[in-house]
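The structure displayed is predicted, hence computed values, not measured ones. Convention: sequence-line order gives letters A, B, ...; per-chain numbering from 1.
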Number of protein chains: 2
Amino acid sequence: MKGTTRKEEIITVASRLFEEKGFTAVSVRDIAQEMGIKAASLYNHISSKQEILSSLILKLARDFTKGMEQVQQAGASPLEKVKALIELHIDITVNHSEALAALNNDWMHLQGQDLIDFVQMREDYEENFRNIIKEGIELGQIKPHHPEVILFSILSTLRTLYLWYQKRGKLDVNVLKKDMSEVLLHGIT
Amino acid sequence: MKGTTRKEEIITVASRLFEEKGFTAVSVRDIAQEMGIKAASLYNHISSKQEILSSLILKLARDFTKGMEQVQQAGASPLEKVKALIELHIDITVNHSEALAALNNDWMHLQGQDLIDFVQMREDYEENFRNIIKEGIELGQIKPHHPEVILFSILSTLRTLYLWYQKRGKLDVNVLKKDMSEVLLHGIT
DNA sequence: ACACAAAACTAACGATTGTTAGTTAGATAT
DNA sequence: ATATCTAACTAACAATCGTTAGTTTTGTGT
């Protein structure tokens, strides 16, 4: 691959394995074997197994944080912001579906400052999302249900989209965005 | 506890630890320590660490399968069936929120026939759910979106409900059922 | 041809893993 | 009292874990 460092290759291979079995169940020997080298050789490129996990997760978490900032600054209506967030999740899912498994299932294996930073970003993201929903309710754009139920319903669907996107033969992104927005915003009945 | 065997205690303690760190990251020594005994003593009650996982997961999976059968036999309309399934998930979540983490995140660590059985039950469950949605569309009770998008949207929300139910102070079950049905079926706008 | 850096290798380390064997303490039943 | 059963214990096992040290191979630029 062009422009791909060996380190990035390792992280890509590892994320695929992490998705299958989880961070703890994947040994560095598993990762090495998948790359056709010995386990010790990995350490010419990475400093620890932990580093693979944290660079994987934190990079993605920053993508979500950046996306949320852009949505906030766009100065749109609450409902348009929710739509934009749905599209943000879909874009990231399409481009990093393997890494999302680690973010969802293995974030608790982060250590030290990495763990603190991740949890902070995650809480901030949810809080921002919640506030958008509350604004939408105040403006009458969103039904006056408990904001927490609405937030959870949308977010849990978007967060596990990666599981489902791979299984069904990777359909068109724009169609997916349209269908998901329809179902999540306007319901099924 | 009355009527609770030592084996059941072990499984309960283990499921709580599995939820925190995942099956692979929890050692039998962790489980033993949490029970105030030594690791070897566990083996007076269980035959292996695997047995804890499989009895935990398969029991829950059978609950879902049984629930689906009852819903099918009830002879209600498709929309009422979906409502009944939402309530089924909520009931199971309220009563077994810790074990649901293992079912969702660690099922791939099942081995042999247990793994085969679980995957089969899961596929059957999804197929039944999908057919109910299709019937609902044919009868005009459900909007004619792609059934797969509707199925995924509802199911991913219900499957991760355990994550959210614990965090928010365990609110009333009947209120939860009403709110969830409203949001999932009729949307937020 | 030579030097240098990148990236692989072998070998081994201490720690931890799930599990087994054999034994002992405490309660219950005969 | 004696036997039985349950449930704990200590000690150890082979396997695997992440990681390090030191060495060799491979490719590139001069």
What is the distance, rounded to the nearest whole Å, between atom CD of A:Q33 and atom C1' of D:dG18? 17 Å
Going by the side-chain contact (heavy atoms from CB on, under 4.5 Å) test, name the single residue among A:L151, A:L155, A:V149 that passes it with B:W164. A:V149
Against the side chain of B:K38, the closest entry in D:dT19, D:dC9, C:dA7 is D:dC9
With a 4.0 Å cut-off on heavy atoms, is B:R6 in touch with a base, just the backbone sugar-phosphate, or nothing at all? sugar-phosphate
Measuring from A:E51:CD to A:Q111:CD, what's the distance to the nearest 0.5 Å? 13.0 Å
Hey, would you say the B:H96 and B:F64 ring centroids sit under 6.0 Å apart? no
Could you tell me whether B:S41 contacts a base, only the sugar-phosphate backbone, or nothing, with contacts defined as non-hydrogen atoms closer than 4.0 Å? base
Gap separating the NZ atom of B:K49 from the OG1 atom of B:T24, nearest 0.5 angstrom: 6.0 Å
Separation of atom CD1 in A:I31 from atom P in D:dT16, rounded to whole Å: 17 Å
Whole angstrom value for the distance that separates C1' of C:dT17 from CZ of A:R29: 13 Å
Is it the case that the base of C:dA8 and the side chain of A:N44 share a donor-acceptor contact (distance under 3.5 Å, atom types as modelled)? yes
Side-chain atoms of A:S27 come closest, of C:dG18, D:dC17, D:dC9, to D:dC17
Tell me: NE2 of B:H45 to C1' of D:dC9, nearest whole Å? 12 Å
